[in-house]
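Just below is one structure, and these are the notes that go with it.
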Amino acid sequence: PACAEDLAIYATAGGPMYNKRKDLYASITTKTDSLEALMAEMPEECVAMATFCCNEIKPLMLEIRDVVDKSERLVKAGLWPYPSYTDCVFTHHLSAPTPHTV
């Protein structure tokens, strides 16, 4: 929903900012659909499953992460439903220490 709302903001203006978002956000759907289809092909035998996950699932998940990380940098902060990387890593520096953090 966050990507769709962000895309709608740029839809009326069009141009390169809209096209960049449209292509990137569409690739999230394409790649997650591919992951879902790949998961349906999961072997049942343990060693084959581990090999499949290592060679097929993990590389696709890394691709998805890359696309989502790029999207996070484009989506308006108020629309992104999760804490950003910056929020997770640096916000503790912005507040005064409490007795439990000292």
Side-chain angles (χ1 to χ4, degrees):
C3 291
E5 286 183 46
D6 187 69
L7 189 60
I9 293 169
Y10 292 88
T12 54
M17 292 177 73
Y18 169 76
N19 291 332
K20 179 179 184 177
R21 284 168 167 76
K22 179 178 64 106
D23 295 341
L24 188 62
Y25 300 165
S27 69
I28 294 173
T29 301
T30 302
K31 289 181 183 299
T32 55
D33 288 348
S34 296
L35 179 60
E36 186 175 353
L38 202 54
M39 293 295 289
E41 299 174 18
M42 182 77 67
E44 291 190 22
E45 193 273 319
C46 190
V47 173
M49 181 187 292
T51 301
F52 185 79
C53 287
C54 183
N55 296 336
E56 304 295 330
I57 300 294
K58 184 178 178 185
L60 183 54
M61 289 180 74
L62 291 172
E63 288 178 31
I64 294 168
R65 177 174 179 181
D66 180 58
V67 172
V68 171
D69 286 349
K70 288 176 182 173
S71 297
E72 179 184 347
R73 290 189 285 272
L74 292 178
V75 172
K76 185 177 175 183
L79 298 175
W80 197 252
Y82 307 106
S84 69
Y85 177 81
T86 302
D87 290 340
C88 291
V89 175
F90 299 112
T91 55
H92 68 280
H93 294 291
L94 301 175
S95 58
T98 64
H100 300 291
T101 60
V102 179

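The figures that follow rest on heavy atoms only: side chains count, while hydrogens, waters and symmetry mates do not.
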How about R21 and M17: do any of their side-chain heavy atoms sit closer than 4.5 Å? yes

For the student: nearest non-hydrogen atoms of M42 and M49, plus distance: SD-CG, 3.4 Å

For the pair K22 and Y10, evaluate side chain to side chain contact (heavy atoms under 4.5 Å, CB included) and give the outcome as yes or no after the intermediate values. CA-CA 9 Å; K22 179 178 64 106; Y10 292 88; over 6 Å; no

C3 to W80 - nearest heavy-atom pair and separation: SG-CZ3, 4.3 Å

Taking the side chain as every heavy atom from C-beta outward, state whether E72 and Y82 have any pair of such atoms under 4.5 Å apart. no

Pairs involving residues 26-38, ordered by first then second residue, that meet side chain to side chain donor-acceptor pair (under 3.5 Å) (sequence neighbours left out): K31-E63

In terms of hydrophobic clusters joined by side-chain contacts under 4.5 Å, are L62 and I57 together? no

Looking only at heavy atoms, the pair that brings D6 and L79 closest together is N-CD1, 3.7 Å

If every non-hydrogen atom of N55 is compared with every non-hydrogen atom of P59, which pair is closest and at what distance? O-CG, 3.4 Å

Partners meeting salt bridge (Lys or Arg N to Asp or Glu O under 4.0 Å) with K70 (sequence neighbours left out): D66

Any chance you could measure C53, atom SG, to M39, atom CE, to the nearest 0.5 Å? 6.5 Å

Nearest 0.5 Å, what's the OG-CD1 distance between S71 and I64? 11.5 Å

If you look at every heavy atom in L38 and E56, which pair is closest and at what distance? CD2-O, 3.6 Å

Taking only residues two or more places apart in sequence, or in another chain, which ones meet R73 in a salt bridge (Lys or Arg N to Asp or Glu O under 4.0 Å)? none

